[in-house]
Amino acid sequence: MEGGGGVRKRSCCTIRKNDFLPEESFKSWENYTTALLETPRRLKDRFLTRSSERAEISEMTTRSSHQMKKTLNWWDLIWLGVGSVVGAGIFVLTGLEARNTAGPAVILSYVVSGFSAMLSVFCYTEFAVEIPVAGGSFAYLRVELGDFVAFIAAGNILLEYVISCAAVARSWTSYFATLCNKNPDDFRIVMHNMNPDYGHLDPIAVVILALVCILAVYSTKGSSIFNYVASVVHTVILVFIVIAGLVHAKPQNYVPFAPFGVRGVFQASAVLYFAYVGFDAVATMAEETKNPSRDIPIGLVGSMVIATAAYCLLAATLCLMQPYTNIDVDAPFSVAFSAIGWDWAKYIVSLGALQGMTTVLLVTTVGQARYLTHISRTHMMPPWFALVNERTGTPVNATISLVLISAVIGFFTELEILSNLLSISTLFIFTLVAVALLVRRYYSSGVTTKGNQIKLIVFIVVIIVSSCGISSYWAVSDGWIGYVILCPIWILATGGLWFVVPQAKEPKLWGVPLVPWLPSISIFVNIFLLGSIDKGSFVRFGLWTVLLLVYYVLFGLHASYDTAKEFEAQRCAERELNRLEDGVVSST
């Protein structure tokens with residue numbers, strides 16, 4: 001924990017008086033009232049202030065009491081990446097979306113969402129190599145887009161991870177029920193007087209989250225080894241599913257291939273983005289990676305290629321085994337094997353699904369804790385969450401707190417509600433990261449001229465607005481005139497950025513190719529997929545964003561403002577001391 005001139009070493013899981021609001025603005029009611037009256041000025045200061053790479057890499061890590069241990073290599077990261085994504089998405093949502101939204105064309109839905117995810121992987125990789133810290137996209141956005149945008153993203157990052165854990169934990173119960181020849185509701189407490197979306201209480205989800213939390217707290221390397229072993233077994237089972245399923249393939253089950261049309265393909269793709277959530281957890285482990293410049297690109301890109309190939313193969317196999325109208329929405333692969341007379345195989349499938357979902361829960365738990373740790377280092381969240389345990393080298397407080405929230409949500413909320421809301425948060429964050437990459441390449445303080453800065457802002461705004469227009473037109477119209485108008489505008493804006501604005505910064509170690517086209521396409525695809533998500537999910541997303549803004553104005557803004565000013569004063573004092581020391585040395 002930060003204090004005065006340095007860092008005091010202390011134990012995790014202890015709580016002291018100033019652990020949650022230690023900043024000057026919260027020392028008394030008078031101070032807090034003064035801070036609230038200064039909100040407009042402080043908001044302007046934080047809104048325009050960008051962090052530096054040096055601050056994120058060096059200064060922020062000192063606020064965690066102890067350093068995280070560098071124990072991971074590219075092999076660990078590939079398996080952590082595979083373990084983080086190949087789980088509930090393929091084993092549960094494939095059946096749901098194939099039956100209700102896309103039909104056998106769910107394969108194309110995975111291709112679309114996988115393409116979008118791969119674009120985001122490239123953007124994440126450049127940042128993770130250049131800024132290897134636990135904060136992931138929060139740190140990247142703080143450096144390029146400033147504190148305010150980073151905080152809004154941070155809230156959605158945490159929502160993404162908390163919901164992901166809750167959703168996968170509930171899916172775990174569904175496949176466990178199949179393994180026991182039971183209905184999932186046999187293991188849940190059904191409250192008939194409650195809304196059915198929230199009235200199927202799931203105690204097993206809470207238990208599995210608690211067990212995963214214990215492993216995540218114990219050791220990052222231990223978690224990696226467990227994930228590696230489980231993922232290998234899981235991969236063997238996935239190969240079995242594909243081979244055994246294709247033996248019983250019936251091509252006629254692909255007719256009709258797209259019963260819900262092109263719109264169904266993209267609607268399913270937006271929801272199936274849930275299946276790719278987790279790869280960004282690998283980026284949060286950069287601080288614990290031995291050689292980030294080599295290991296991060298291999299780990300991120302390699303795991304995404306493997307995951308996308310696996311998803312497409314498994315989806316193709318499922319839809320060849322039985323008509324899409326017969327696919328079970330709770331445990332599609334297990335029931336598919338029962339339908340062809342291989343009842344014994346459903347136990348192997350269920351075991352593989354449980355292993356896959358367990359590794360997803362583990363990596364997600366590890367990743368979300370690293371996010372909260374780095375966010376808390378800025379004091380946008382209470383610094384108590386930033387503490388790293390000296391013995392384990394893991395952020396114990398952040399891990400336990402987030403798992404507890406996931407357990408509460410998973411106990412009450414149905415999977416469909418969780419998956420739609422999760423996709424919105426994920427697509428929103430990935431869009432911001434792509435925008436941040438454009439800013440990183442084309443803007444550098446003291447290098448970019450005022451004229452080029454204005455051009456950059458105009459082109460990025462036009463790219464975003466035209467993408468929103470295309471997405472909105474897709475959501476409300478079956479025509480083509482809107483595309484004829486808006487698509488050329490997007491092309492001209494991206495091309496204009498390419499030809500008119502010179503790049504101000506080149507990557508030092510690893511760079512995204514085809515800039516600005518690749519990040520601009522990422523922005524377009526992410527926003528387009530957002531147009532396929534239901535209205536209710538956007539309402540929930542809006543309410544969450546409002547809650548974030550209220551918290552930021554009342555607490556986060558003032559805490560981070562005080563902390564930033566304290567560190568600025570400390571740095572000024574250090575520079576003055578160094579200047580005086582240099583003067584003494586030169587005079588002697």
Side-chain angles (χ1 to χ4, degrees), residues 53 56-58 61 64 66-87 117-118 120-137 139-140 212 215-236 276 278-310 355-356 358-371 373-374 388-395 399 507-512:
E53 292 180 23
E56 297 299 314
I57 295 171
S58 302
T61 56
S64 289
H66 308 285
Q67 299 295 307
M68 296 186 189
K69 297 177 181 178
K70 292 184 178 293
T71 58
L72 305 177
N73 56 35
W74 65 268
W75 183 253
D76 296 316
L77 296 180
I78 283 181
W79 285 104
L80 284 167
V82 170
S84 70
V85 296
V86 184
M118 183 60 79
S120 297
V121 162
F122 279 115
C123 296
Y124 263 83
T125 301
E126 179 170 330
F127 277 115
V129 168
E130 300 281 326
I131 312 174
V133 295
S137 52
Y140 315 152
V212 166
L215 182 57
V217 163
Y218 177 72
S219 166
T220 302
K221 185 64 178 179
S223 298
S224 173
I225 294 171
F226 174 85
N227 172 78
Y228 170 63
V229 174
S231 293
V232 169
V233 175
H234 185 209
T235 301
V236 171
Y276 292 96
F279 77 80
D280 50 331
V282 176
T284 70
M285 297 173 200
E287 196 173 311
E288 297 160 90
T289 302
K290 296 176 182 177
N291 186 357
S293 62
R294 182 198 66 184
D295 298 339
I296 292 291
I298 297 173
L300 275 171
V301 177
S303 60
M304 184 53 60
V305 169
I306 294 170
T308 302
Q355 282 190 315
T358 303
T359 58
V360 168
L361 284 173
L362 177 60
V363 180
T364 302
T365 298
V366 170
Q368 70 181 5
R370 272 82 188 146
Y371 267 120
T373 297
H374 199 79
V388 172
N389 185 275
E390 182 178 13
R391 185 177 64 84
T392 65
T394 59
T399 304
K508 301 182 186 74
L509 300 170
W510 191 95
V512 173

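Position 1 is the first residue of the sequence; numbering continues from there.
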Note to self: Could you work out, with side-chain hydrogen bond (donor to acceptor under 3.5 Å, both in side chains) as the rule, every residue matching T358, not counting sequence neighbours?
What the structure shows: W172

Next item on the list: Please report the closest heavy-atom contact between G299 and L77, naming both atoms and the distance.
Entry: CA-CB, 3.9 Å

Next item on the list: Under the ring-ring contact (aromatic ring centres under 6.0 Å, His included) rule, collect the residues that match up with F127, sequence neighbours excluded.
Entry: Y140

Next item on the list: For the pair T364 (side chain) and L361 (backbone), establish whether a donor and an acceptor sit closer than 3.5 Å, ignoring hydrogens and angles.
Entry: no

Note to self: Taking side-chain contact (heavy atoms from CB on, under 4.5 Å) as the definition, give me every residue that meets it alongside W510, ordered by chain and number, with sequence neighbours left out.
What the structure shows: F122, T125, E126, V129, P297, V512

Next item on the list: May I have the step-by-step check of side chain to side chain contact (heavy atoms under 4.5 Å, CB included) for V232 and W79, ending in yes or no?
Entry: CA-CA 9 Å; V232 169; W79 285 104; 4.1 Å; yes

Check: Partners of V236 by side-chain contact (heavy atoms from CB on, under 4.5 Å), sequence neighbours excluded?
Finding: none

Notebook entry, point to check: Once you round to the nearest 0.5 Å, how far does CG of L215 lie from CG of L362?
Noted result: 5.0 Å

Checklist line | Distance in Å, T399 OG1 paired with R370 CZ, rounded so as to fall on 0.5 Å steps | finding: 5.5 Å

Notebook entry, point to check: Which heavy-atom pair separates L72 from D76 by the least distance, and what is that distance?
Noted result: CA-OD2, 3.5 Å

Notebook entry, point to check: Can you name the one residue among T289, L300, I298 that meets side-chain contact (heavy atoms from CB on, under 4.5 Å) with W74?
Noted result: I298

Check: Can you pull the side chain to side chain donor-acceptor pair (under 3.5 Å) pairs that have at least one residue in residues 291-301, sequence neighbours excluded?
Finding: N291-S293

Item checked: Nearest heavy atoms of K508 and E130, plus distance in Å -> N-OE2, 2.9 Å

Notebook entry, point to check: Looking at residues at least two apart in the chain, or sitting in another chain, which of them share a side-chain contact (heavy atoms from CB on, under 4.5 Å) with S120?
Noted result: Y273, F279, F430, S522, N526

Margin query: Can a donor-acceptor pair be found, under 3.5 Å and without considering hydrogens, that links the side chain of T308 to the backbone of V305?
Written below: no

